[in-house]
Asker: 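Here's a structure for you.
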Amino acid sequence: MGSTGGNLPEQYSADNLITYWVSLSLVDRLAAEDALTVAERRKAYTIIARRHGLSLDSIFVENA
């Protein structure tokens, strides 16, 4: 079996990136339901990126 990125740091693993994007989608849902303000959404995006070990200037990080 071939390897797809076995040498990548853990924060760029498929599992980590998937859980990162799922977390963002939950925040987006709360924002769409007006349960979060724009500022709260932006803050949540930053917190989620940091908890997943992603640099805020990473190509994988979504900016709110």
Side-chain angles (χ1 to χ4, degrees):
M1 258 187 218
S3 173
T4 57
N7 294 331
L8 291 175
E10 185 176 332
Q11 68 264 32
Y12 299 114
S13 71
D15 288 341
N16 191 52
L17 291 174
I18 289 169
T19 56
Y20 166 73
W21 283 99
V22 168
S23 298
L24 293 186
S25 71
L26 294 172
V27 169
D28 288 343
R29 177 71 182 259
L30 289 171
E33 295 174 353
D34 293 326
L36 293 177
T37 65
V38 172
E40 291 169 331
R41 180 177 177 256
R42 188 176 311 119
K43 185 175 180 178
Y45 268 43
T46 300
I47 291 169
I48 292 167
R50 288 184 178 153
R51 286 198 178 160
H52 285 273
L54 299 170
S55 172
L56 296 178
D57 62 352
S58 170
I59 63 170
F60 295 104
V61 172
E62 181 71 28
N63 294 315

Asker: Check the hydrophobic clustering (I, L, V, M, F, W, Y; side-chain heavy atoms under 4.5 Å; chains of links allowed) and say if Trp21 and Tyr12 are grouped together.
Answerer: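 Linked within one cluster.
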Asker: Please give me the minimum heavy-atom distance between Asn63 and Tyr45, naming the atom from each residue.
Answerer: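 Smallest heavy-atom distance, with atoms named: C-CD2, 4.1 Å.
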Asker: Shortest non-hydrogen contact from Glu40 to Ala35?
Answerer: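 Smallest heavy-atom distance, with atoms named: OE1-O, 4.1 Å.
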Asker: If I take atom OG1 from residue Thr37 and atom CG from residue Leu30, how far apart are they, to the nearest 0.5 angstrom?
Answerer: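 CG of Leu30 is found 11.5 Å from OG1 of Thr37.
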Asker: Hey, could you give me the OG1/CZ distance between Thr46 and Arg41, rounded to the nearest 0.5 Å?
Answerer: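 Rounded to the nearest 0.5 Å, the OG1-CZ separation comes out at 11.0 Å.
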Asker: Please give me the minimum heavy-atom distance between Leu56 and Ala49, naming the atom from each residue.
Answerer: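 In terms of heavy atoms, the two residues are closest at CD2-CB, 3.9 Å.
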Asker: What's the shortest heavy-atom distance between Gln11 and Leu17, and which atoms?
Answerer: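 The pair with the smallest heavy-atom distance is O-CD2, 3.9 Å.
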Asker: Arg29: what forms a salt bridge (charged side-chain N to carboxylate O under 4.0 Å, His left out) with it, not counting sequence neighbours?
Answerer: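 Result, salt bridge (charged side-chain N to carboxylate O under 4.0 Å, His left out) vs Arg29: Glu33.
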Asker: Within this structure, what is the CG-CZ distance for the pair Leu36 and Arg42, rounded to the nearest 0.5 Å?
Answerer: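 Leu36 CG to Arg42 CZ: 12.0 Å, rounded to 0.5 Å.
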Asker: How close do Phe60 and Tyr20 get, counting heavy atoms only, and between which atoms?
Answerer: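 Distance-wise, the nearest heavy atoms are O-CE2, 3.4 Å.
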Asker: Between the side chains of Asp15 and Ser13, is a donor N or O closer than 3.5 angstrom to an acceptor N or O?
Answerer: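 There is no such pair between these side chains.
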Asker: Under a 4.5 Å side-chain heavy-atom rule over Ile, Leu, Val, Met, Phe, Trp and Tyr, are Ile59 and Ile48 clustered together?
Answerer: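 Yes: a chain of side-chain contacts under 4.5 Å links Ile59 to Ile48.
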Asker: Where is the tightest heavy-atom contact between His52 and Thr19, given as atom of each residue plus distance?
Answerer: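 Residues His52 and Thr19, closest heavy atoms: CE1-OG1, 3.1 Å.
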